[in-house]
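Take a look at the structure below.
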Amino acid sequence: MHQIQRATLASCAGLAAGLAQAEVPAIFRDADLAAGEQLIRQHRCAQCHAEKVGGDGSAIYRPLGRINTPGLLRGMVEQCNSALNLQMWPEEVTAVAAVLNRDHYRFRD
């Protein structure tokens, strides 16, 4: 492959990654998704949700439109953090909310 073609492909890949990142709400852009996934497993969020709403617990997401912005989503995770005394740091709450946004809510900027 010619050097110009490689440079063009690299430039396109970088542009695509930048555009995908731009779609993520600003509140979640620097979130550590791997840490959020680990915290969700560690704190057994799915099990708690299943106890509350039945099934696999996913029905808890988007309850009658109550969570309709990225900020409200992060606030709900903070409410769980406080009510259940999970002792997560603010950046951990954001990481969990970012994973929920990616997997369930899909808010965009």
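Hydrogens, waters and symmetry mates play no part in the numbers below; they use all other heavy atoms, side chains included.
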Does the side chain of [Y] come within less than 4.5 Å of [X]'s, by heavy atoms?
X	Y	result
Leu73	Asn101	yes
Met88	Glu78	no
Pro25	Arg74	no
Leu39	Arg41	no

Item to check | Residue pair Val24, Arg102: steps toward the side-chain contact (heavy atoms from CB on, under 4.5 Å) verdict | outcome: CA-CA 9 Å; Val24 174; Arg102 180 195 69 196; over 6 Å; no
Checklist entry - So Asp32 and Glu91, side-chain contact (heavy atoms from CB on, under 4.5 Å) or not? Walk me through it. => result CA-CA 8 Å; Asp32 184 341; Glu91 62 272 10; over 6 Å; no
Checklist entry - Does the pair Arg44 and Glu51 meet the rule for a salt bridge (Lys or Arg N to Asp or Glu O under 4.0 Å), with working shown? => result CA-CA 11 Å; Arg44 301 172 31 98; Glu51 290 171 13; 5.1 Å; no
Quick one: [atom1] on [X] to [atom2] on [Y], what's the gap to the nearest 0.5 Å?
X	Y	atom1	atom2	result
Tyr105	Asn68	OH	CG	10.0 Å
Cys45	Leu84	SG	CG	8.5 Å
Cys48	Ile40	SG	CD1	12.5 Å
Asp109	Phe28	CG	CZ	10.0 Å
Glu92	Gln38	CD	CD	8.5 Å

Next on the checklist: I'd like to know whether Met76 forms a side-chain contact (heavy atoms from CB on, under 4.5 Å) with Arg66, so could you lay out the CA-CA distance, the side-chain angles of the two residues, the decisive distance to 0.1 Å, and finally the verdict.
Outcome noted: CA-CA 10 Å; Met76 183 54 70; Arg66 282 184 32 214; 2.9 Å; yes
Item to check | Geometric class of the Tyr61/His104 ring pair [parallel <30°, tilted 30-60°, perpendicular >60°] | outcome: parallel
Please report the closest heavy-atom contact between [X] and [Y], naming both atoms and the distance.
X	Y	value
Gln87	Asn81	N-OD1, 3.3 Å
Ala95	Ala31	CA-CB, 4.0 Å
Ile27	Gly71	CD1-CA, 4.3 Å
Val53	Ala59	CG2-CB, 4.1 Å

Checklist entry - Are Glu23 and Arg29 within salt-bridge range, i.e. N to O under 4.0 Å? => result no
